[in-house]
Undergrad: 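Sharing a structure, written as structure tokens. Questions coming.
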Amino acid sequence: MAEAQKTIALVFDYDQTLSPHYMQDDVLFPHYGIDPAPFWDKCNKLVSEGWDSELAYMHELLNCLQVDGVSNQSLRDLGKGLRFFQGVEELFAELPEECLSEIHKSAGIKLEYYIISSGLKALIEGCSLHSHFKAIFGCEFSEDGNGVINFPKRVISHTSKTQFLFRINKGLLGYDEDVNDHMPDELRPVPFENMIYIGDGPTDVPCFTVMNRNGGHAIAVYNPNDTSGKSFDKCYTLCSHSNRVKYIAPADYRPHSHLRLILKNMISECANKMLSKDLRERQDNTVSAPKF
């Protein structure tokens, strides 16, 4: 039996997408007195020696935090202080009311939200947004017998982020479920055409590419308060030179902003297509009664 396919999924990167700050710089470094510049210099040195960038920063974090007895719960507690672009904290409750009519809702059409980040999952789990997300995918630490973080448990690189788009597409959100299992398109709960990915730059290119190749939607956002222009330049290049995205917008999530208008129209179009598909299927499967 075919899946209902009534879900529209909004999938977000985190750093520079939902927040103008890198999460480590925002809450972790200030709390533990870590100087960001030498920290990232050490990470970059490891990367130049062949390390994956995500493993490099997790390795350096463990070195910096080893005397502090940090647990994953400590990181979640720190996550309460994470800060966001304007309008982010209200966005998730407002979008369904703004974009879905009562007809859409009565047809079972709904929005779901996800985060796929190369940052620390525990920090995001502690933030004020976490309850809005059906799933949060991010890098994780294991803990020793005393509950202290001691080793990278899961690393999500910018290339491996694409795996999680397929997990959402197939509804296989648990790590005990094999995302490589074959699943016919009609059984996938979130077709790519009903998926919107929002990211900020080159690290999101693999996800942008997956969305484009599979009929999904992609938006690149930039920091409107970045006076250097670097944030905008990243997005402009993705749109004008490499055709990775069709839309770029300032990361302003407030009602009536450029980004909010794009999201509203994308979501409404997806929902209307679902209604049209329902109507066609009913018409195609309806046999008229004999006329007398």
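Sequence positions, counted from 1, serve as the residue numbers for this chain.
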Undergrad: Is Tyr175 reachable from Leu165 through a run of hydrophobic residues whose side-chain heavy atoms are each under 4.5 Å from the next?
TA: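 Yes, same cluster.
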Undergrad: Quick one: does Ser19's side chain have a donor or acceptor within less than 3.5 Å of a partner on Asp15's backbone?
TA: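 No, the answer is negative, given that no donor and acceptor are paired below the 3.5 Å cut-off.
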Undergrad: For Glu193, is there any backbone N or O sitting under 3.5 Å from a side-chain donor or acceptor partner on His217?
TA: yes
Undergrad: Would you confirm whether Arg154, through its side chain, and Gly138, through its main-chain N or O, come within 3.5 Å as a donor-acceptor pair?
TA: no
Undergrad: Indicate, with yes or no, if Met266 and Leu95 share a hydrophobic cluster defined by side-chain heavy-atom contacts under 4.5 Å among Ile, Leu, Val, Met, Phe, Trp and Tyr.
TA: yes
Undergrad: Can you confirm whether more than 12 heavy atoms, excluding those of Ile103, are under 6.0 Å from its CD1 atom?
TA: no
Undergrad: Should we count NZ of Lys6 as having more than 12 external heavy atoms under 6.0 Å?
TA: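 Correct, the count exceeds 12.
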Undergrad: Provide the closest heavy-atom pair for Pro202 versus Lys234 in the form atom of the first, atom of the second, distance.
TA: CD-CD, 3.7 Å
Undergrad: Does the side chain of Val148 come within less than 4.5 Å of Glu143's, by heavy atoms?
TA: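 No, their side chains stay 4.5 Å or more apart.
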Undergrad: Going by heavy atoms in the side chains, are Leu62 and Pro152 under 4.5 Å from each other?
TA: yes
Undergrad: Quick check: are there more than 12 heavy atoms from other residues, nucleotides or ligands sitting under 6.0 Å from OH of Tyr22?
TA: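 No, because the 6.0 Å sphere around OH of Tyr22 holds 12 heavy atoms or fewer from other groups.
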Undergrad: Can you name the closest pair of heavy atoms from Pro224 and Pro250 and give their distance?
TA: CB-CB, 4.0 Å
Undergrad: Given side chains that start at C-beta, do those of Glu60 and Trp40 come closer than 4.5 Å, heavy atoms only?
TA: no
Undergrad: Tell me whether Leu275 is reachable from Leu111 by hopping between hydrophobic residues (I, L, V, M, F, W, Y) whose side-chain heavy atoms are closer than 4.5 Å.
TA: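 They do share one cluster, since a chain of ILVMFWY contacts under 4.5 Å joins Leu111 to Leu275.
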Undergrad: Asn72 side chain to Phe141 main-chain N or O, any donor-acceptor pair under 3.5 Å?
TA: yes
Undergrad: Do Asp200 and Tyr222 pair up side chain to side chain, a donor and an acceptor below 3.5 Å, judged on atom types alone?
TA: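 Distance-only check fails for Asp200 and Tyr222.
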Undergrad: Would you say Ile149 ends up clustered with Phe151 if hydrophobic residues are merged whenever their side chains have heavy atoms under 4.5 Å apart, either directly or through other cluster members?
TA: no
Undergrad: Taking Ser276 for the side chain and Asn272 for the main chain, is one N or O donor matched with an acceptor at less than 3.5 Å?
TA: yes
Undergrad: Determine, for Lys45 against Glu49, whether the closest basic-nitrogen to carboxylate-oxygen distance falls under 4.0 angstrom.
TA: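 So Lys45 pairs with Glu49 through a salt bridge.
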Undergrad: Identify whether the distance between the nearest side-chain nitrogen and carboxylate oxygen of Glu94 and Arg260 falls below 4.0 Å.
TA: yes
Undergrad: Any side-chain donor-acceptor pair under 3.5 Å between Tyr197 and Lys161?
TA: yes
Undergrad: Can you run down the side-chain hydrogen bond (donor to acceptor under 3.5 Å, both in side chains) pairs that involve residues 127-137, sequence neighbours left out, and say none if there aren't any?
TA: Glu89-Ser128, Glu112-Lys134
Undergrad: Which atom names give the shortest non-hydrogen contact between Ile8 and Met274, and what distance separates them?
TA: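 Residues Ile8 and Met274, closest heavy atoms: CG1-CE, 3.4 Å.
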Undergrad: Measure from the side-chain N and O atoms of Asn212 to the backbone N and O of Arg244, and report whether any donor-acceptor pair falls under 3.5 Å.
TA: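 Side chain of Asn212 to backbone of Arg244, a donor-acceptor pair under 3.5 Å: yes, one is there.
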Undergrad: Is the ring pair Phe192/Phe166 parallel, tilted or perpendicular, if the boundaries are 30 and 60 degrees?
TA: perpendicular
Undergrad: Write down the atom of Leu123, the atom of Val27, and the distance for their closest heavy-atom approach.
TA: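 Scanning both residues, the minimum pair turns out to be CD2-CG2, 4.0 Å.
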Undergrad: Taking the inter-plane angle between the rings of Tyr113 and Phe92 on a 0 to 90° scale, is it parallel (under 30°), tilted (30 to 60°) or perpendicular (over 60°)?
TA: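 Judged by the thresholds at 30° and 60°, the geometry between Tyr113 and Phe92 is perpendicular.
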Undergrad: Identify the heavy atoms of Asn223 and Pro20 that sit nearest to each other, and give their distance.
TA: ND2-CB, 3.7 Å
Undergrad: Whether the Gln73 and Asp77 side chains hold a donor-acceptor pair (N or O, under 3.5 Å, no angle test) is what I'd like checked.
TA: yes
Undergrad: If the threshold is 4.0 Å, N to carboxylate O, is there a salt bridge linking Glu97 and Lys105?
TA: yes
Undergrad: If you take all heavy atoms of Thr7 and Asn194, which pair is closest and at what distance?
TA: O-CB, 3.4 Å
Undergrad: Hey, are Asp233 and Lys230 close enough for a salt bridge, meaning a charged N less than 4.0 Å from a carboxylate O?
TA: no
Undergrad: Determine whether a donor-acceptor pair (N or O, by modelled atom type, separation under 3.5 Å) exists between the side chain of Arg188 and the backbone of Met183.
TA: yes
Undergrad: Quick check on the hydrophobic clustering: are Phe39 and Val47 connected, directly or via other members, by side-chain heavy-atom contacts under 4.5 Å?
TA: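 Not linked; separate clusters.
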Undergrad: For Gly147, is there any backbone N or O sitting under 3.5 Å from a side-chain donor or acceptor partner on Asp144?
TA: yes
Undergrad: If you define the side chain from C-beta out and look only at heavy atoms, does anything of Leu120 sit under 4.5 Å from Leu61?
TA: yes
